[in-house]
Every structure is written in C-alpha cells, then in structure tokens.
Amino acid sequence: MKTDKDIQKLVEETLGSLDGLQKAEPNPFLFTRVMARLQQDENNAWEKITSFITRPAVVVAMIILFIVINALVIVQASGNDSAPLSDEPVLMAGNDYGLTVSSLYDLNEAQNDLAQK
Amino acid sequence: MDEKLLVEQLKQGDESAFKTIVDTWQQMVYNTALGIVQNAEDAEDVAQEVFVKVYESIGAFKGDSRLSTWIYRITVTKALDLLRRKKTKKRFGNIQSLFGGEKNEIADKPDFHHPGVTLDNKEKAAVLFKAMNQLPENQRIAFTLHKVEGLSYQEISDVMKTTVPAVESLMHRAKSNLRKWLEKYYEKH
C-alpha cells in the first residue's frame, strides 16, 4: 500500500522523467517525401478542377447558362430592331429626281425602256 | 546562414534554399510534432505537412518574427489539427457503433514511448505523456514546448503569440493538473 509520501515521490519523478530527453531523428528521406507531396498537390489541383468541370451537373448548368445568355442577347438584339427606320426623306429626294419606282408595273416599264435603248 | 536571404530565395522558388530550410529545421519540427501527437508515424505526416505549408505560404511570411518561430507555429497548428481529426474520427466511430455500425477499432491509445527518453525513465515518461493527453490544448502546448523542446518561456510566448506571464500561468496550471492526474493514477496503479 503506497503512502502519500510514496505517491508524491512518484509524481515528482514522473514530472521530471523528460529531463535529459534526447532528440528523436526524423525520417532521412523527409525532403524527398515533401517534394513528392508538393508535386502530388499540384497534380491534385488540376485533377480537382477537371473533375469538377466534367461533372454532369456542372456540364448541364453550363449548357443552360450558355443558352440563357444567348437567348438574352437575341431578345435584346430583336428589341433594338423593332423601331423601323424612317425612309421618308430618302423617298422624297428620289421623287424630286424622278428616281423612285412607285409600282412593279413602273419597274417593268423602266426596264423595257432601258432594253429598247 | 542568412535567414533573410534564404527566405528571399525560397520566395523565388529556389529548391536548394528549401532543402536548406528542411535540413535545418526538420529535427525541430519532427520532435515538436512527436511531443504533441505522441506517435512516430503521425509526427512524420505532420512534419511533411509543415514543410509543404512552409513552401506554399512563404509569400505570407513578413519577417516580423524569426523563421524558426513561424515554423514552430505552423507545426503546433498542424499537430493540433491532426489530434482534432483523430478525436472527431473516434467520436464518429463511437456514434456509428451505437447505431449498429462497425465496432470502434480505435480504442484507448497505446502507451507512447519517446525514443529519446533515458532507459530508467521510460515507464514514468510513458505515464507522463498519458497525463499530458488530458491537458487542455494551450497548457499541453506550453508544457510540450518547454519540456520536450526545451524552449524558454520567452520563446514559447513568441510561438503562442502571448505574453511571458501568460505562459507562466499556463505552465503553473499544467503542472497542477498533471499532479492531480498523476496522484489519482498512482493511487490506482
């Protein structure tokens, strides 16, 4: 049966058991392993990126995004086309110089005149 | 060895500078990790992670502390991360076994025998390392850096980014907690 004194002695000896501790030696190939790990991390980074963008959900999302963006561009572009250009000034200038063709009949007449000449 | 030059060269990606850093500090890193994680294989993993981190993060090193202090900090952080991961894994394993999963294979840790302990102190040192496992993190770090690495309180305060009085307090509480645990242990064994 241990006395309190015995226990205290053991406690103090235990607390002092790391005195004179020698250094443990690391693996002599630590540097090589670190370099291999760095290389692996670099490869893993690319693998992670490619494996992410080839996931089906990501591919589908990208296709949908592509379609949506294109749709927006098309809608925006057709919205700009809805206001018709006014060509009245051009027609009026044409009339002044007798350059306009008011109907297909006139166009045919004009073409026949040219052919006869 | 000019530390500033070494850091500059490593920032340029100079492999020989990195080798110099690894050669210079690998023993320090390994022993610090070993004292905290108490397992040679885990300590080796931590050492590798530390130097990978040094290589990848050297750009963030501002030179406001010594390089060794910065490396110590990374080592302590990585060692604690490993301990936390293991604790989480063990906890998860316990929960799984409650729900009829596989029995938790990670039982109590076997006694850790530090290779650098003198022969006549081997048994008592194993008990001390067991007791250190029970300490709160900060007390454990301070005690390990002082007893295993032989750092002064000033050096420990630099690593832990705290003050010398704070380290003194941590050491005092650590010893008090260790004594209590060891008394209970020796009453039973």
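Chain A is the first sequence line, chain B the second, and so forth, proteins listed ahead of strands; every chain is numbered from 1.
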Item to check | Part of B:H189 within contact of chain A (heavy atom distance under 4.5 Å) | outcome: backbone
Next on the checklist: Less than 4.5 Å to any heavy atom of chain A: does that hold for the side chain of B:Y30, its backbone, both, or neither?
Outcome noted: side chain
Checklist outcome for this item: Scored by heavy-atom pairs under 4.5 Å with chain A, the best of B:K147, B:E123, B:H114 is B:H114
Checklist entry - How close do B:L34 and B:P115 get, heavy atom to heavy atom, and via which atoms? => result CD2-CD, 4.0 Å
Checklist entry - Out of A:L38, A:I7, A:D4, which one racks up the most heavy-atom pairs below 4.5 Å with chain B? => result A:L38
Checklist entry - Is there side-chain contact between B:D81 and B:R85, with at least one heavy-atom pair below 4.5 Å? => result yes
Checklist entry - Looking only at heavy atoms, what is the nearest atom pair of B:V148 and B:N31, with distance? => result CG1-O, 3.9 Å
Please tabulate, for the side chains in residues 47-67 of chain B, all donor-acceptor contacts under 3.5 angstrom to protein atoms that are two or more places apart in sequence or on a different chain.
{"from": "B:Q48", "atom 1": "OE1", "to": "A:R37", "atom 2": "NH1", "distance (Å)": "2.9"}
{"from": "B:S57", "atom 1": "OG", "to": "B:K53", "atom 2": "O", "distance (Å)": "3.1"}

Checklist entry - What option among A:L18, A:L21, A:V34 has the most heavy-atom pairs under 4.5 Å with chain B? => result A:L21
Item to check | More than 12 heavy atoms of other groups within 6.0 Å of A:K9 NZ | outcome: no
Checklist entry - For B:L178, is it the side chain, the backbone, both or neither that has a heavy atom under 4.5 Å from a heavy atom of chain A? => result side chain
Item to check | Sequence neighbours excluded - side-chain hydrogen bond (donor to acceptor under 3.5 Å, both in side chains) pairs with any residue from residues 19-30 of chain A | outcome: A:K23-B:E149, A:E25-B:Q27, A:N27-B:E44
Checklist outcome for this item: So, the part of B:Y185 with a heavy atom under 4.5 Å from chain A: the answer is neither
